[in-house]
Amino acid sequence: IYLIYRSRNSSWKGEVVGMEIGDEEISNASVREYRIKIKRDNNGKIRVHTVSEKTYSKFEVGDKVIKNSGKMGFVKA
């Protein structure tokens with residue numbers, strides 16, 4: 001619960017630097033994962049976010065994104 005609270009209260013800006021689709025094996029079943037790589041503006045670190053297919057389709061490499069405090073996800077800036 002602490003990690004959810006901490007991530008919800010954080011805020012940051014960044015840029016999409018990569019996108020990938022991969023298949024993950026879970027309990028003998030293949031699950032498709034959609035990942036977006038975001039380079040944070042404040043420290044330059046690249047973080048990988050696993051998102052839904054719907055969210056994945058909204059972004060492209062080069063898009064600026066923002067994550068507001070009090071929200072769980074990020075949106076286009």
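All heavy atoms count here, side chains included; hydrogens, waters and symmetry mates do not.
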Q.
On a heavy-atom basis, which atom in Ser11 and which in Ser69 lie closest, and how many Å separate them?
A.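 Of all heavy-atom pairs spanning Ser11 and Ser69, the closest is CB-N, 3.6 Å.
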Q: Please identify each residue that fulfils side-chain contact (heavy atoms from CB on, under 4.5 Å) with Ser52, with sequence neighbours left out.
A: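 Testing Ser52 for side-chain contact (heavy atoms from CB on, under 4.5 Å), a comparison that skips the adjacent residues, returns Lys54, Thr55.
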Q.
Run the side-chain contact (heavy atoms from CB on, under 4.5 Å) test against Asn43 and tell me which residues pass, sequence neighbours left out.
A.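 Here the qualifying residues are Arg40, Lys45.
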Using a 4.5 Å cut-off between side-chain heavy atoms of Ile, Leu, Val, Met, Phe, Trp and Tyr, which other residues end up in the same hydrophobic cluster as [X]?
{"X": "Met19", "result": "Trp12, Val16, Ile21, Tyr34, Ile36, Ile38, Val51, Tyr56, Phe59, Val61, Val65, Phe74"}
{"X": "Val75", "result": "Ile66"}
{"X": "Val48", "result": "none"}

**Q.** Sequence neighbours excluded, every pair satisfying salt bridge (Lys or Arg N to Asp or Glu O under 4.0 Å) that has a member inside residues 11-26
**A.**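 Every salt bridge (Lys or Arg N to Asp or Glu O under 4.0 Å) pair that includes a residue of residues 11-26, provided the two are not neighbours, is Glu15-Lys64, Glu20-Arg35, Glu20-Lys37, Asp23-Arg32.
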Q. Does any N or O in the side chain of Lys39 come within less than 3.5 Å of the main-chain N or O of Arg47, such that one atom is a donor and the other an acceptor?
A.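 Not confirmed, Lys39 side chain does not pair with Arg47 backbone.
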